[in-house]
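Okay, structure first, notes after.
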Amino acid sequence: MRTNNHLSVVARTAHVLLLGPYLVTFTAWCNSHLRKAGTQIENIEEDFRDGLKLMLLLEVISGERLAKPERGKMRVHKISNVNKALDFIASKGVKLVCIGAEEIVDGNAKMTLGMIWTIILRFAIQDISVEETSAKEGLLLWCQRKTAPYKNVNIQNFHISWKDGLGFCALIHRHRPELIDYGKLRKDDPMTNLNTAFDVAEKYLDIPKMLDAEDIVGTARPDEKAIMTYVSSFYHAFSGAQKAETAANRICKVLAVNQENEQLMEDYEKLASDLLEWIRRTIPWLENRTPENTMQAMQQKLEDFRDYRRLHKPPKVQEKCQLEINFNTLQTKLRLSNRPAFMPSEGKMVSDINNAWGGLEQAEKGYEEWLLNEIRRLERLDHLAEKFRQKAAIHESWTEGKEQMLQQKDYETASLSEIKALLKKHEAFESDLAAHQDRVEQIAAIAQELNELDYFDSPSVNSRCQRICDQWDALGALTQKRSEALERTEKLLETIDQLYLEYAKRAAPFNNWMEGAMEDLQDTFIVHTIEEIQGLSTAHEQFKATLPEADKERQAILGIHNEVSKIVQTYHVNMAGTNPYTTISPQEINGKWDKVRQLVPQRDQALIEEHARQQNNERLRKQFASLANVVGPWIQTKMEEIGRISIEMHGTLEDQLNHLRQYEKSIVNYKPKIDQLEGDHQLIQEALIFDNKHTNYTMEHIRVGWEQLLTTIARTINEIENQILTRDAKGISQDQMNEFRASFNHFDRDHSGKLGPEEFKACLISLGFDIANDAQGEAEFARIMSIVDPNRMGMVTFQAFIDFMSRETADTDTADQVMASFKVLAGDKNYILAEELRRELPPDQAEYCIARMAPYSGPDAVPGALDYMSFSTALYGESDL
């Protein structure tokens with residue numbers, strides 16, 4: 001009997017040594033699940049024999065209900081319960097080899113542990129999947145990934161790789177770094193490492209202690225099944241965190257895209273506002289038509305306008321171009337991220353900015369024309385004012401003393417000869433007066449023209465003109481009165497000195513001719529062409545040709561005076577030493593004649609100098625025209641080449657982009673030609689040259705063409721960049737892009753870079769789209785047109801065509817995916833709390849969500865609940881934030 005007891009103890013000891021690791025590990029694993037149902041087992045061999053706790057364990061780990069168990073105590077009842085459990089395991093696709101209900105009921109430890117291991121494999125390990133690996137390989141890959149950053153940890157299996165305990169500690173520290181100070185662990189102290197990991201897992205992670213540190217350290221090769229069972233508990237404990245991390249990453253990605261787009265929108269709004277504000281402030285300045293009184297002041301206005309053209313406007317042209325590029329890039333990014341198109345604030349659309357810019361250029365054109373017209377007006381006014389002063393001075397000099405002379409009563413005491421002399425003298429005066437009538441009319445006409453041209457000193461001119469006219473009327477009245485008085489006494493006069501009379505009659509017009517000649521020779525002139533100065537030179541030569549005849553007339557007049565002197569000396573006539581019919585003396589005639597001869601060479605020199613100036617102006621015209629006639633066609637040619645390039649592009653998009661950038665560089669290198677032309681234009685304006693028959697190109701044409709050329713090449717480059725962005729984001733191959741381009745170009749028969757609705761429909765059909773000629777097909781085509789032509793312009797651009805084709809061939813994040821990610825973070829609730837967002841998301845994106853999520857108002861709402869569902873749909877434009 002003693003021998004039998006001894007053999008029983010030995011067998012029991014061997015049994016414990018053989019199955020011991022499994023008993024501890026599997027018992028702890030079972031209890032980790034059974035305690036959720038408020039129970040546990042003490043002896044794995046005995047406590048599953050009636051099948052009740054076995055069925056309960058399967059219900060807990062599967063989440064399903066098993067058949068109703070038998071409550072009887074008889075063996076048949078126990079076998080029935082165990083069979084129900086085994087049938088449930090088999091229903092999950094598990095083959096139970098050599099494991100029957102009788103063995104479990106009989107307490108067969110080996111069979112019981114084999115069954116538990118099968119349950120562990122099926123419900124704890126089989127569902128583990130990492131990068132398309134599953135079960136054991138998946139669990140091992142998960143361990144390797146999580147422990148890769150930790151020194152002294154190299155997980156290659158489920159036995160000796162875990163002996164030093166650092167692997168368990170690394171798994172805990174990777175997910176909950178606050179629970180273990182990993183830096184203080186030592187590889188040569190496995191007992192401390194293992195006990196630390198087991199204690200922390202049991203206390204903080206709700207993972208029961210399934211292994212014994214001494215068994216692991218004291219065994220050359222720890223049991224693989226026991227290690228896998230325990231490690232799988234870590235996987236399931238941390239899998240929730242892994243899902244939350246994945247969900248958080250998805251939300252972070254979506255929110256980052258949204259934040260970036262919002263920043264781009266804000267940047268666009270600010271740049272558009274600044275540009276519109278600059279246009280608003282500039283247009284009133286360009287529309288200001290307040291004239292200046294002096295040429296110098298108007299020249300300063302012209303210089304200010306040149307500074308605006310040269311310094312202030314070019315940066316704004318660049319800003320406008322950049323604004324269009326930013327708008328196109330933003331719209332492309334919104335389309336690629338499945339967001340609704342960006343609609344700028346009212347009045348800040350690209351079309352609004354283009355309209356405002358057009359108004360600016362219209363005002364600019366009008367302002368320049370006004371400046372040039374005003375300068376011409378002031379130039380004309382200066383000339384007329386000087387001419388008015390000269391003629392007024394001559395007339396006032398001539399009228400000086402005339403009123404007193406006409407008011408004399410000398411005829412009352414004069415002798416007969418004196419009366420006759422006074423009468424003849426008065427006739428000569430009337431002749432002289434009539435000769436001056438034309439000058440008075442010229443003075444009045446000049447004054448009237450100065451008034452019509454709004455001369456700044458018109459009051460002074462009008463006052464002087466009025467005095468001259470009033471004096472002229474007074475002279476006419478006095479002349480008429482004296483004439484009547486002389487005629488009353490004419491019968492008393494019998495003789496008259498014919499020679500003096502003849503002298504007076506011939507001297508007066510000759511004197512008037514000399515005064516006119518001096519006035520003409522001193523008259524200022526304004527010409528703008530060589531032909532005009534040549535006309536003046538010809539007229540001057542004709543005048544010089546009349547001088548010999550004039551000299552003969554002078555000699556004849558002087559001869560009359562000499563004859564009078566001879567008669568007086570011969571016949572001792574008492575003539576008081578002067579000619580009674582005129583005040584023009586031979587000395588005055590000779591003096592004015594000498595003045596005329598002196599003014600002739602001065603006029604010659606002035607005409608020569610003006611001719612030289614006009615030759616220089618002609619040189620400037622030809623210099624500008626020679627370059628403008630090259631630059632203008634060059635710009636037009638480049639515009640046509642860019643149009644062809646945008647339609648007939650070959651090679652990859654990157655090749656096209658590089659080609660366009662090289663093309664842009666060659667265009668920019670042409671800028672010195674434009675600057676040279678600007679310099680020539682400035683010389684022309686400074687020389688006050690207003691026309692140029694040698695070219696049809698103006699500097700305004702060149703500037704507009706150059707700005708359009710730069711804008712067109714920049715816009716074309718931006719379109720290619722957006723196509724690359726679309727291709728890379730949507731995964732479109734180069735062959736697809738070439739096919740899309742070839743189809744688009746085939747139907748773009750007018751090479752405009754746009755398709756009409758019927759052309760676009762034919763293009764889609766050629767690419768395989770089924771668009772029937774019925775009501776349903778028309779409705780589908782109308783839906784497609786609303787996508788590619790949201791503004792209903794009746795045209796489809798290539799970029800819109802590419803965006804539509806990329807949307808049809810690629811997938812992006814959706815509102816439902818984002819909503820599902822939020823549901824993971826919320827623990828499967830219909831709402832989420834602020835603390836959950838702050839725990840799972842970066843601080844800035846968590847606060848972004850909290851600030852924009854509406855309060856949740858469902859029946860299961862709690863204080864502080866936020867509605868993540870409406871927020872998710874708003875991100876994709878399906879509702880309002």
Could you please spell out the steps behind the side chain to side chain contact (heavy atoms under 4.5 Å, CB included) verdict for Thr112 and Glu45? CA-CA 7 Å; Thr112 300; Glu45 302 172 57; 5.6 Å; no
Side chain of [X], backbone of [Y]: donor and acceptor closer than 3.5 Å?
X      : Y      : value
Asn81  : Glu70  : yes
Asn193 : Arg186 : yes
Asp655 : Asn658 : no
Trp29  : Ser233 : no
Asp212 : Glu214 : yes
Glu840 : Leu837 : no
Thr219 : Arg221 : no
Ser161 : Phe158 : no

First locate atom [atom1] of [X], then atom [atom2] of [Y], and finally report the distance between them rounded to the nearest 0.5 Å.
X      : Y      : atom1 : atom2 : value
Asp206 : Glu202 : CG    : CD    : 9.0 Å
Gln331 : Asn722 : CD    : CG    : 10.0 Å
Met55  : Leu57  : CE    : CG    : 11.5 Å
Asp867 : Asn830 : CG    : CG    : 9.0 Å
Lys146 : Leu141 : NZ    : CG    : 10.5 Å
Ile251 : Tyr848 : CD1   : OH    : 13.0 Å

Between [X] and [Y], is any pair of side-chain heavy atoms under 4.5 Å apart?
X      : Y      : value
Glu103 : Lys110 : no
Trp117 : Met228 : yes
Ile155 : Tyr150 : no
Arg174 : Thr147 : no
Leu140 : Val231 : no
Thr873 : Met869 : no
Leu330 : Asn261 : yes
Asn328 : Glu721 : no

Met853 and Phe822: side chain to side chain contact (heavy atoms under 4.5 Å, CB included), yes or no, with the steps? CA-CA 12 Å; Met853 280 188 183; Phe822 272 118; 3.6 Å; yes
One thing to verify: whether [Y] and [X] come together as a salt bridge, which I'm taking to mean a side-chain N less than 4.0 angstrom from a carboxylate O.
X      : Y      : value
Arg838 : Glu847 : yes
Asp50  : Lys78  : no
Asp223 : Lys225 : no
Glu42  : Lys53  : no
Lys36  : Glu59  : no
Glu654 : Arg661 : no

For Phe342 and Phe327, take the angle between the two ring planes, folded into 0 to 90°, and tell me which bin it lands in: parallel under 30, tilted 30 to 60, perpendicular over 60.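 Aromatic pair Phe342/Phe327 classed tilted.
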Tyr230 vs Phe234 aromatic rings, parallel, tilted or perpendicular, using cut-offs 30° and 60°?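 Tyr230 and Phe234: perpendicular rings.
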Apply side-chain hydrogen bond (donor to acceptor under 3.5 Å, both in side chains) to residues Asn154 and Gln156 and explain how you reach the verdict. CA-CA 6 Å; Asn154 183 17; Gln156 298 297 328; 2.6 Å; yes
Assess whether side chain to side chain contact (heavy atoms under 4.5 Å, CB included) is satisfied between Arg49 and Ile104, documenting all intermediate values. CA-CA 6 Å; Arg49 291 180 63 184; Ile104 306 301; 5.7 Å; no
Pair Lys333, Glu260 - check side chain to side chain contact (heavy atoms under 4.5 Å, CB included), show working. CA-CA 10 Å; Lys333 288 187 176 181; Glu260 180 184 4; 3.1 Å; yes
When the ring centroid of Tyr831 is compared with that of Tyr868, is the distance short of 6.0 Å?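 They do not qualify: ring centres at least 6.0 Å apart.
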Checking salt bridge (charged side-chain N to carboxylate O under 4.0 Å, His left out) for the pair Asp181/Lys184: CA distance, chi angles, key distance, verdict? CA-CA 6 Å; Asp181 188 356; Lys184 294 183 178 181; 3.6 Å; yes
Return the minimal non-hydrogen interatomic distance between [X] and [Y], and the atom names on each side.
X      : Y      : value
Leu66  : Ala85  : CD2-CA, 4.2 Å
Pro222 : His159 : O-CB, 3.2 Å
Met210 : Ala28  : CG-CB, 3.4 Å
Gln845 : Ala256 : NE2-N, 3.5 Å
Glu836 : Ala826 : OE1-CA, 3.9 Å
Tyr856 : Asp860 : OH-OD1, 2.8 Å

Gln263 CD: over 12 foreign heavy atoms closer than 6.0 Å: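 Correct, the count exceeds 12.
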